[in-house]
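Have a look at the structure below before the remarks.
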Amino acid sequence: KNTGQKEIDSKALIEVAPIGNPEKKFTLTARIGPSGPEQVRVIDFWLPDTLSKGKYTMVGVVDAGDEVPLQASQAVIEIK
């Protein structure tokens with residue numbers, strides 16, 4: 001959600017790394033585009049169908065430019 005008073009142009013990424021094999025990490029990216037004040041954006045990312053079974057660490061980042069602090073979150077998922 002854009003809680004500011006100006007329109008912002010944002011980008012988002014998710015870095016996915018297999019637990020125990022971080023050199024096989026990959027990044028999914030999305031350009032969110034302009035968001036006006038109080039506008040909410042939902043960003044969908046799709047994992048590749050070829051993803052092997054196992055546990056993965058995922059780090060998501062939203063970058064709305066230099067005037068806005070980065071937003072980040074981390075999760076562990078398991079593909080069965």
(request) Just jot down the side chain to side chain contact (heavy atoms under 4.5 Å, CB included) partners of P48, sequence neighbours excluded, or say none. (result) F26, T50
Taking only distance into account, with no hydrogens and no angle test, what donor-acceptor pairs under 3.5 Å do side-chain atoms of residues 70-80 form with protein atoms, sequence neighbours excluded?
none

Sequence neighbours excluded and cut-off under 3.5 Å, please list the side-chain donor-acceptor pairs for residues 52-61, or say none.
from, atom 1, to, atom 2, distance (Å)
Y56, OH, S52, N, 3.4
Y56, OH, S52, O, 2.6

(request) Determine whether I19 and V16 fall in the same hydrophobic cluster, where Ile, Leu, Val, Met, Phe, Trp and Tyr are linked whenever their side-chain heavy atoms lie under 4.5 Å apart. (result) no
(request) Using the test side chain to side chain contact (heavy atoms under 4.5 Å, CB included), find all partners of D44 that sit at least two apart in sequence or belong to another chain. (result) V42, W46
(request) To the nearest 0.5 Å, tell me how far I14 CD1 sits from F45 CZ. (result) 4.5 Å
(message) Enumerate the side-chain hydrogen bond (donor to acceptor under 3.5 Å, both in side chains) contacts for residues 6-15, please, sequence neighbours excluded, ordered by first and then second residue.
(response) K6-E67, D9-R31
(message) Once side chain to side chain contact (heavy atoms under 4.5 Å, CB included) is applied, do any residues pair with A17, and if so which ones, sequence neighbours excluded?
(response) K25
(request) Could you check if a side-chain atom of T27 sits within less than 4.5 angstrom of a side-chain atom of T29, using non-hydrogen atoms only? (result) yes
